[in-house]
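Structure, as structure tokens:
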Number of protein chains: 2
Amino acid sequence: MRGDIEDTPEYCDVEAAMEVLGGRWKLAILKKLLDGTKRFSELKRALPRITQRMLTRQLRELEADGLVTRTVHREVPPRVDYTLTETGRSLDAIANQLDAWGRWYRATRGEQAGAEPAEPGSPQVERSR
Amino acid sequence: MRGDIEDTPEYCDVEAAMEVLGGRWKLAILKKLLDGTKRFSELKRALPRITQRMLTRQLRELEADGLVTRTVHREVPPRVDYTLTETGRSLDAIANQLDAWGRWYRATRGEQAGAEPAEPGSPQVERSR
DNA sequence: CAGCATCCAACCGGATACTG
DNA sequence: CAGTATCCGGTTGGATGCTG
């Protein structure tokens with residue numbers, strides 16, 4: 001069973017994904033935008049722990065990577081809103097599974113580190129194997 | 001729809017997940033370990049772009065977070081191997097979907113940066129192998 | 001409202017050299 | 001083999017002030 005294809009030192013595509021989605025905020029922002037278009041202040045309110053500075057920067061990067069669209073309405077007061085592109089929406093399943101996993105992980109770690117809870121063995125996510 | 005729950009400024013669980021899985025390497029390492037137990041040098045070979053220092057640090061963090069088990073064999077030459085815990089294996093589906101997404105994203109971006117693919121949905125996510 | 005500018009501290013990640 | 005020690009640049013993130 002030594003296929004040794006498994007050990008191929010090729011560039012892992014997970015790395016490619018993490019270069020775009022890496023950092024602490026990208027996926028959290030994506031997740032919020034899955035509900036629909038949101039303006040800057042709505043996102044800021046939805047993510048209280050991110051600073052304005054970081055939110056701006058992360059949104060610009062997501063825009064540059066083609067995951068969100070930024071729309072500026074020239075009115076007073078100013079209004080800018082952000083919408084997921086098709087590419088951004090393609091992360092729907094992954095973002096939701098990460099959300100479920102995060103909740104599950106926090107629960108298991110919060111109660112007792114290392115033991116399996118009475119809950120379903122996994123988050124909503126289906127396990128392989 | 002004013003007081004909808006969707007906008008709850010609560011701590012997003014995606015953030016919790018990203019605190020554990022964040023950074024460029026965590027998920028890539030996880031992905032490699034999904035194939036089974038690997039020793040340090042095998043991981044290093046499987047991920048040529050990570051430095052030894054980073055590999056060590058990321059592995060220690062994964063261990064501290066209960067995702068991998070570190071086993072030291074007191075022999076000469078030294079041997080240490082790493083195995084996923086149940087918690088670590090619970091990320092199987094997510095890691096594989098991210099891998100698939102990364103491959104798909106690279107492909108679409110490589111061909112035509114900025115244009116939407118005619119394809120209807122997300123990348124073809126391979127559920128379990 | 002939605003930002004940009006600036007300063008600054010802390011941490012992340014990489015390169016290199018050395019060790020049990 | 002599997003690390004540790006040291007140095008160092010870049011990024012993250014916070015605070016504060018200013019602008020169209």
Side-chain angles (χ1 to χ4, degrees), chain A residues 7 9 11-12 14-30 32-33 36-65 68-83, chain B residues 2 7 9 11-12 14-30 32-33 36-65 67-83:
Chain A
D7 295 0
Y11 182 77
C12 180
V14 175
E15 293 178 49
M18 293 316 282
E19 269 171 40
V20 177
L21 306 173
R24 299 234 307 276
W25 302 111
K26 296 282 181 69
L27 279 163
I29 294 171
L30 261 306
K32 298 295 183 187
L33 287 178
T37 296
K38 281 187 166 28
R39 48 194 298 185
F40 187 85
S41 55
E42 289 178 302
L43 282 171
K44 181 69 191 73
R45 237 177 296 120
L47 299 165
R49 298 157 55 96
I50 196 175
T51 62
Q52 173 205 46
R53 181 175 148 79
M54 274 301 113
L55 182 53
T56 302
R57 284 163 70 164
Q58 303 299 305
L59 282 168
R60 293 297 153 86
E61 288 183 27
L62 289 171
E63 187 190 10
D65 289 331
V68 311
T69 305
R70 178 171 182 265
T71 309
V72 182
H73 303 271
R74 303 280 292 135
E75 13 175 293
V76 178
R79 196 178 117 197
V80 179
D81 49 36
Y82 297 89
T83 311
Chain B
R2 279 309 69 178
D7 291 4
Y11 182 78
C12 179
V14 175
E15 294 179 48
M18 294 315 283
E19 270 171 41
V20 177
L21 306 173
R24 299 231 311 273
W25 302 110
K26 298 282 181 70
L27 279 162
I29 295 171
L30 261 307
K32 296 298 182 185
L33 287 177
T37 297
K38 279 188 166 30
R39 47 193 299 185
F40 188 85
S41 54
E42 288 177 305
L43 282 171
K44 183 68 190 69
R45 236 176 298 120
L47 299 165
R49 299 156 56 97
I50 195 175
T51 61
Q52 174 200 46
R53 176 178 147 80
M54 274 301 113
L55 182 53
T56 303
R57 281 164 73 167
Q58 303 298 307
L59 283 168
R60 293 296 153 84
E61 288 182 28
L62 289 171
E63 186 189 9
D65 289 330
L67 300 183
V68 310
T69 305
R70 179 172 180 264
T71 309
V72 182
H73 304 270
R74 307 271 299 128
E75 13 175 294
V76 178
R79 197 179 116 194
V80 179
D81 49 36
Y82 297 89
T83 310

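Lettering follows sequence order; numbering is per chain, from 1.
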What's [X] touching, base or sugar-phosphate or nothing? Going by heavy atoms closer than 4.0 Å.
{"X": "A:G23", "value": "nothing"}
{"X": "B:Q58", "value": "sugar-phosphate"}
{"X": "A:R57", "value": "base"}
{"X": "A:R74", "value": "nothing"}

Counting heavy atoms from C-beta on, name the nucleotide in [options] closest to the side chain of [X].
{"X": "A:R53", "options": "D:dA15, C:dA2, C:dG13", "answer": "D:dA15"}
{"X": "A:T51", "options": "D:dT4, C:dG3, D:dG14", "answer": "D:dG14"}
{"X": "A:R70", "options": "C:dG3, D:dT12, D:dG20", "answer": "C:dG3"}
{"X": "A:Q52", "options": "D:dC1, D:dG17, D:dT4", "answer": "D:dG17"}
{"X": "A:P77", "options": "C:dC1, C:dC4, C:dA2", "answer": "C:dC1"}
{"X": "B:M54", "options": "C:dC1, C:dG13, C:dC4", "answer": "C:dG13"}
{"X": "B:W25", "options": "C:dA2, C:dG13, C:dG3", "answer": "C:dG13"}

Is there a side-chain contact between [X] and the phosphate of [N], meaning an N or O under 4.0 Å from OP1 or OP2?
{"X": "B:R39", "N": "D:dA2", "answer": "yes"}
{"X": "B:S41", "N": "D:dA2", "answer": "yes"}
{"X": "A:Y82", "N": "C:dG3", "answer": "yes"}
{"X": "B:R60", "N": "D:dT4", "answer": "yes"}

[N] [atom2] sits how many Å from [X] [atom1], rounded?
{"X": "A:R24", "N": "C:dA10", "atom1": "CZ", "atom2": "P", "value": "16 Å"}
{"X": "A:L59", "N": "D:dG13", "atom1": "CG", "atom2": "P", "value": "14 Å"}
{"X": "B:I50", "N": "C:dG13", "atom1": "CD1", "atom2": "C1'", "value": "9 Å"}
{"X": "B:I29", "N": "C:dG13", "atom1": "CD1", "atom2": "P", "value": "10 Å"}
{"X": "A:L43", "N": "C:dC1", "atom1": "CG", "atom2": "P", "value": "14 Å"}
{"X": "B:M18", "N": "D:dT12", "atom1": "CE", "atom2": "P", "value": "13 Å"}
{"X": "A:R79", "N": "C:dA2", "atom1": "CZ", "atom2": "P", "value": "9 Å"}
{"X": "B:K44", "N": "D:dC1", "atom1": "NZ", "atom2": "C1'", "value": "14 Å"}

Supply the atom-to-atom distance [X] [atom1] to [Y] [atom2], rounded to the nearest 0.5 angstrom.
{"X": "B:L27", "Y": "B:L62", "atom1": "CG", "atom2": "CG", "value": "9.0 Å"}
{"X": "A:Q58", "Y": "A:R53", "atom1": "CD", "atom2": "CZ", "value": "11.0 Å"}
{"X": "A:L55", "Y": "A:I29", "atom1": "CG", "atom2": "CD1", "value": "5.0 Å"}

Quiz item: Does B:I50 offer a backbone N or O that forms a donor-acceptor pair with the side chain of B:K44 under 3.5 Å?
Solution: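 Judged by distance alone, yes, a pair lies under 3.5 Å.
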Quiz item: Are any of the side-chain nitrogens in A:K32 or A:E42 under 4.0 Å away from the carboxylate oxygens of its partner?
Solution: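 A salt bridge is absent here (no side-chain N lies under 4.0 Å from a carboxylate O).
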Quiz prompt | Electrostatic pair B:R49:A:E19 at N-O distance under 4.0 angstrom | solution =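 Yes, B:R49 and A:E19 are salt-bridged.
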